[in-house]
Every structure is written in C-alpha cells, then in structure tokens.
Q: 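Dumping the structure here so I can ask a few things about it.
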Amino acid sequence: MSRPAFLSARCIALALLLASSLSACQLPGNTPMNAEKTVELKVRPRPQQAYRIVMTIENAPGPFGMVEGSAQYDVVNYHECGKINRVAGVASRITTNPPIHWEKTSDTEYVATVYADLMVDEDYYGRGVCRWAFTQARARLKATGADAETRFVPGINSDDITKGNAVTLYFPDIRYPVSGIPDFVEFGDQNPSNFKPEIQDHLFRIVLEAHEMQP
C-alpha cells in the first residue's frame, strides 16, 4: 500500500479555502511506496464539487478535546498509470489523504467541507493519465488528544456523501477515554447488534450527513 501524501499548509489554503488564482497546486510527497520517483500530486485551487458534512455526536460518555479529519482520494487506474515497483513487478496503489477541518458549531455538532473534484488527473509517471476518485471522509476524535487515548474514527463513503445519505455509527462507552491498548482505533459499527449483548445498552452514536453545496 502506498504512503499517503499530505497537503501542505499552503496547498490547503490554496485548494480548500479557494484563495488562489493559480491553475494547480502541488502535493509534495512520494506516492506510491517503494517508487524510485517522487511525484508531486496536483490539486485544484478552485474545486467546484463541494459537500458540507454535518457530524452530530449523541450521548457520548464525555467531551472530545481533539477533533481532526481527512478525506481520501484513490487513483482508480493505478495498474495502468502508476510507477512500477521493481521488487514486486507491478504498479503500486496511489492514494492521498489531505486533512479536512471540522468546525465546532455546538457541544455536539461539527461541520466540514470536502471536494469531490480536488485532485487533478494527470500523467504522473509517463505511463498514462491517472484518474482520481473521491473515496471517503472521516473524523478522528479523542477525549483530550493524549497518546494513550482511544481514537474514535467515524467515516462516510463518497456514495453516501454524493447521495446526501445520513450514516449512523455506534461506539462502545467502555473505549472512552482509553481501552487499555494505547492509541486504540475504534471505527464503530452501523449495526448495534454486532456488539456483545452486555454492551449494547452502553453505546453512543455519531451521525454523519452530507449536503451538496452550490458553487
């Protein structure tokens, strides 16, 4: 799997805040992993396909002092356009996870904006045009942000975002603020019956709902 290439602060300002007149901004990073060539992944400074995601936290056992997030974009034809891994003899997967900002609007609600058309299709490796697809958006929540605390990671996929669907994820109270395993990751489940019977009455919910924004 490739190593994610992250947006620089300058690129975030240019691409996500729409404050640039440049034709493209570049993501510094090396994608895919083990590739000999470092590529600069390009993002649109003025993307148009914007979606507003509302995250509502219901009945959580305590506050969340750290709320971060990221979007995910994958090259769908990396076999055809990616750099060939000399060891494996095949093209490595190409993906990137630029950060998104969750703005707190109340004690239980946050909003973020994502762009389906952020990434620029281009011939990055001289083997053909790489075509990007928006995959998902997610949040990362911790009680205070301490290293040992559980990371609660609710996510919503691109199909639900573009269709305006709401996704509800259930998380166990017993993982808050720590689980006994440092930096444990809890992704939640859409079906509360998938948890053990003894904790099904001790769950909190995180709802993610998206709406398309007009340019």
Q: Do Ile199 and Ile174 touch side chain to side chain, with heavy atoms closer than 4.5 Å?
A: yes
Q: With ring-ring contact (aromatic ring centres under 6.0 Å, His included) as the test, would you mind laying out the steps for Tyr78 and Tyr124 before giving the verdict?
A: CA-CA 10 Å; Tyr78 67 91; Tyr124 290 103; over 10 Å; no
Q: After noting the C-alpha distance and the side-chain angles of Asp117 and Arg44, does the key distance pass the side-chain contact (heavy atoms from CB on, under 4.5 Å) rule?
A: CA-CA 8 Å; Asp117 61 338; Arg44 290 183 176 84; 4.2 Å; yes
Q: State, yes or no, whether a side-chain contact exists between Thr168 and Glu58 at a heavy-atom distance under 4.5 Å.
A: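 Side-chain contact under 4.5 Å: no.
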Q: Looking at CG of Asn165 and CG of Asp160, how far apart are the two atoms once the value is rounded to the nearest 0.5 Å?
A: 4.5 Å
Q: What do the steps show when you test Leu169 against Val167 for side-chain contact (heavy atoms from CB on, under 4.5 Å), and what is the final call?
A: CA-CA 7 Å; Leu169 292 158; Val167 173; 4.2 Å; yes
Q: Should Ile57 and Ile53 be counted in the same cluster of Ile, Leu, Val, Met, Phe, Trp and Tyr side chains packed under 4.5 Å apart?
A: yes
Q: For the ring pair Phe204 and Phe152, is the centre-to-centre distance below 6.0 Å?
A: yes
Q: Membership question, hydrophobic clusters at under 4.5 Å side-chain separation (ILVMFWY): are Tyr51 and Val207 in the same one?
A: no
Q: For a quick check under 3.5 Å, do Thr144 and Glu149 share a side-chain donor-acceptor pair by atom type?
A: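 Yes, Glu149 and Thr144 have a side-chain donor paired with an acceptor closer than 3.5 Å.
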Q: Test Asp74 against every option in Gln136, Arg93, Arg131 by the side-chain hydrogen bond (donor to acceptor under 3.5 Å, both in side chains) rule and name the one that passes.
A: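 Filter result, single survivor: Arg93.
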Q: Run the numbers on Trp102 and Val111 for side-chain contact (heavy atoms from CB on, under 4.5 Å), then give the verdict.
A: CA-CA 5 Å; Trp102 288 98; Val111 297; 5.6 Å; no
Q: Please test Val75 against Cys81 for side-chain contact (heavy atoms from CB on, under 4.5 Å), starting from the C-alpha separation and ending with a verdict.
A: CA-CA 9 Å; Val75 169; Cys81 74; 3.8 Å; yes
Q: Do Phe134 and Val114 have side chains that approach each other closer than 4.5 Å (heavy atoms only, starting at C-beta)?
A: yes
Q: Quick one: CZ on Arg205 to OH on Tyr170, what's the gap to the nearest 0.5 Å?
A: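 Between Arg205 CZ and Tyr170 OH, I get 4.5 Å after rounding to 0.5 Å.
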Q: Tell me if a side-chain donor or acceptor on Asp189 pairs with a main-chain N or O of Pro192 at a distance below 3.5 Å.
A: no
Q: Less than 4.5 Å apart, side chain to side chain, heavy atoms only: is that true for Ile94 and Cys130?
A: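 Answer yes - side chains close enough.
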Q: Would the distance check show the side chain of Gln200 and the main-chain N or O of Phe195 forming a donor-acceptor pair, the cut-off being under 3.5 Å?
A: yes
Q: Distance check, rounded to the nearest 0.5 Å: Arg127 atom CZ versus Ile84 atom CD1?
A: 4.0 Å
Q: Would a 4.5 Å heavy-atom cut-off, applied to side chains only, mark Lys83 and Ser92 as touching?
A: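 Result no, sub-4.5 Å side-chain heavy-atom pair not found.
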Q: Do other residues, nucleotides or ligands put more than 12 heavy atoms under 6.0 Å from Asn194 CG?
A: yes
Q: Please examine the side chains of Thr95 and Gln72, heavy atoms only from C-beta on, and report whether any two atoms are closer than 4.5 Å.
A: yes
Q: Shortest non-hydrogen contact from Tyr73 to Ala116?
A: CE2-O, 4.1 Å
Q: Just so I know, are the side chains of Glu68 and Leu141 near enough to count as touching, which here means a heavy-atom distance under 4.5 Å?
A: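 Side-chain contact under 4.5 Å: no.
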Q: Should Val39 and Leu118 be regarded as members of a common hydrophobic cluster, given that ILVMFWY residues are connected when their side-chain heavy atoms come within less than 4.5 Å of each other, either directly or indirectly?
A: yes
Q: Is there a donor-acceptor contact under 3.5 Å from the side chain of Glu103 to the main chain of His101?
A: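 Between the backbone of His101 and the side chain of Glu103 there is no qualifying donor-acceptor contact (under 3.5 Å).
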Q: For the pair Phe64 and Tyr176, evaluate ring-ring contact (aromatic ring centres under 6.0 Å, His included) and give the outcome as yes or no after the intermediate values.
A: CA-CA 10 Å; Phe64 291 101; Tyr176 180 96; 5.6 Å; yes
Q: Check whether Phe184 forms a cation-pi arrangement with Arg175 (NZ or CZ under 6.0 Å from the six-membered ring centre, at most 45° off the ring normal).
A: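 Because its charged atom sits under 6.0 Å from the ring centre and within 45° of the axis, Arg175 does stack over Phe184.
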Q: Cluster question for you: counting only ILVMFWY and a side-chain heavy-atom cut-off of under 4.5 Å, with indirect links fine, are Tyr115 and Tyr110 together?
A: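 Per the 4.5 Å side-chain linkage, Tyr115 and Tyr110 are co-clustered.
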Q: Kindly give the heavy-atom pair with the smallest separation between Leu203 and Pro172, and that separation in Å.
A: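 Between these two residues, the closest heavy atoms are CD2-CA, 3.7 Å.
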Q: For residues Met213 and Thr113, determine if any side-chain heavy atom of one lies less than 4.5 Å from a side-chain heavy atom of the other.
A: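 Touching, per the 4.5 Å side-chain cut-off.
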Q: Does the pair Asp183/Lys142 count as a salt bridge with the N-to-O cut at 4.0 Å?
A: yes
Q: Looking only at side-chain N and O atoms, does Ser70 offer a donor or acceptor that is under 3.5 Å from a partner on Asn97?
A: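 Judged by distance alone, the side chains do not pair up.
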Q: Shortest non-hydrogen contact from Pro154 to Met55?
A: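 So the minimum-distance heavy-atom pair works out to CG-SD, 4.1 Å.
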Q: Count the heavy atoms of every other residue, nucleotide or ligand shown that sit under 6.0 Å from CG of Asp123, and state whether that count exceeds 12.
A: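 Enclosed.
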Q: Is it true that a side-chain atom of Asn157 and a backbone atom of Thr135 form a donor plus acceptor pair closer than 3.5 Å?
A: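 Absent.
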Q: Quick one: closest heavy-atom pair of Ala137 and Ile100, and the distance?
A: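 Heavy atoms of Ala137 and Ile100 come nearest at CB-CD1, 4.3 Å.
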